[in-house]
Amino acid sequence: MYALRRIPAVLGTAIVLAVLFGLLGLAMTPGWSVRPNTSHVTVASPDTAISARGVDTDHEGRYAVKTSTLRVRLTDAVTVSALLREPIGAQGTRPACLFIEGAGTGSSTEVFGDIAQAMASAGIVTLVPDKRLDNYTPLHRDYHAMARDYMTSLNLLRGLPGVDPVHAGIYAESEGTWIASVMAHDHPDIGFMILTSPPVVPGRHLMAMAATTYLEHVGAVPEMSRDISKIISMDFSSIGLEYADFPSERYLPSLTMPMLVNFGTRDLSMPIEQGANMLLKATSRTGNRNVTLRYYAANHQIRTGASTALPGLPLAQGYTRNLEDWLNAVAAGTTADGWNTPMIAGAQPDQRLATPQGMRPGLIRSPTMLLAIVVLMAVLLALAALGAIVLGVTGLAAGLRGRRQASQSPAHRNPDTASDHVDPHFRRELIAPMLLNAVCAIASMGVLGRYLVLTAQAALTLDAQETAFEHWWRILQFLTAAGVLMLAWLAVALIGRTVVVDGTRRRIRAVRGFGHWFVACCITATTVLSLAMLAFWGLFSL
């Protein structure tokens, strides 16, 4: 009967708790979000071919290619290898191209082989250096230092026999375009720039757009997609990742040399329209109109056959020939008005989401705070388990002593009264909510972890798993509701109940003594933290 009387109190407490956690989730949500893109590009022609008026350039396959290995001394202590490819029999001094790879740790033998080989066969000297790895980690990257290293390689290339130093420039891909822009800022005499899949915007802004795009592409629930703002806007300085705030836009006005920009329309990670417009706007302000823009129905590496970067994929049709025709025409003196083909051409892009601008964080400002909550939950659970074991052992011992004393001198037994009875164990009405709170906290965190792993795997492979996402999200919602009810039940049980003893109203507590309260507080705090984590991930909404 008493249990039935507690139902309204439990339900009322659960409603209050749900509102409080909803407000907490709101406070943890930043005031910005990834919005639809409104900056669009219209191609003038679907044909990506590039040609200049009055210029007859060497084409792919014209020359056999000689490949050799060079050693580039970057510092007194660091030397890297580089693959040099030269056209055999090419007359006069030749244009030359230094390659800068994007994120990753590929060596010169693993990256750009087909592109550098094809360009060399069209009369262009190419140099692909190893990436320096002693100062390049997932948590730390210094683009200015990397720019100085690559400038050393470019100067070496400029000084080689048969190279025209005036028309020696850079082919940079993805993250490498940030390095190239720093090089352009410090060395405006670089002959040309070929930027493929350039992020253009700072890394934090790019990650917000890309992560949201990936999650929507693979079918994640909208609540999880919106959570990107909570993660991306955090302060990562405690773990590194300072390069996420590299001010890439600051260097765009330095791109004053002839420039070819390439994007893949199937690249979900780059602002293929927004970034292109930013580049065109920046170069227009500095008077650089010699900017050619090409779109290919391809992925981030301008390769076809898959949306993600997989080994062995072929380059988009005509890609290397377009690179060679453009570079050789620029080396021949072609200016902005000298092209036969449109400046913007190729497959029509469609960037659905835009990169955000202001990115102020919410209540949780760093990933270390999230980690601290998880660690604290584990510690509290461990302490609660240890405390329960200690209480169980001491309670059992006390019970055995009591039975021995009772059997020896029954006259000395104390009566069990509502006012002064101290149970050595948890009272019966507290055991169930305590256990269920612990189970809900552990289960919800386990399912949340599984959901986040599933999300990361799907986003990396771009494998749509809408059914699986929906399934796990429903389980999380159930555990969230159960967690709120269990916490409400525990709160009501801890408050105790009022009874009438000898005509006097007295309150019976479900637990007494420091040890009992310690375990109860550990379990309660664990549940509160687990529900706070669920609120952070969007399981509560107002």
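With salt bridges taken as basic N to acidic carboxylate O contacts below 4.0 Å, none links Asp164 and Arg158. Salt-bridge check for Glu242 with Arg141: failed, with every basic side-chain N at 4.0 Å or more from each acidic carboxylate O. The residues Arg94 and Asp58 are annotated as salt-bridged, a charged nitrogen and a carboxylate oxygen being separated by less than 4.0 angstrom.
Considering all non-hydrogen atoms of both residues, Glu101 and Val111 come closest at OE1-CG1, 3.9 Å.
Aromatic ring centres of Phe246 and Trp178: separated by under 6.0 Å. Ring centers of Phe263 and Tyr296: at least 6.0 Å apart, outside the cut-off.
Side-chain contact, Ser39 with Asn277: a donor N or O sits under 3.5 Å from an acceptor N or O. With 3.5 Å as the limit, one finds a donor-acceptor pair spanning the side chains of Glu60 and Thr320.
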- [ ] Could you go through the salt bridge (Lys or Arg N to Asp or Glu O under 4.0 Å) check for Arg303 and Asp114 one step at a time?
- [x] CA-CA 12 Å; Arg303 297 181 184 272; Asp114 47 1; 2.9 Å; yes

Task: Verdict with supporting geometry, Arg132 and Asp130, salt bridge (Lys or Arg N to Asp or Glu O under 4.0 Å) - done: CA-CA 6 Å; Arg132 179 179 174 179; Asp130 286 347; over 6 Å; no

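Residues that satisfy the ring pair (Phe, Tyr, Trp, His ring centres under 6.0 Å) test with His144, not counting sequence neighbours, are Tyr251. Residues passing the ring pair (Phe, Tyr, Trp, His ring centres under 6.0 Å) test with Phe112, sequence neighbours excluded: Phe99, Tyr171. Among residues two or more places apart in sequence or in another chain, the side chain to side chain donor-acceptor pair (under 3.5 Å) test is passed with Asp47 by none.
Within a 6.0 Å radius of CZ in Arg53, other residues, nucleotides and ligands contribute more than 12 heavy atoms.
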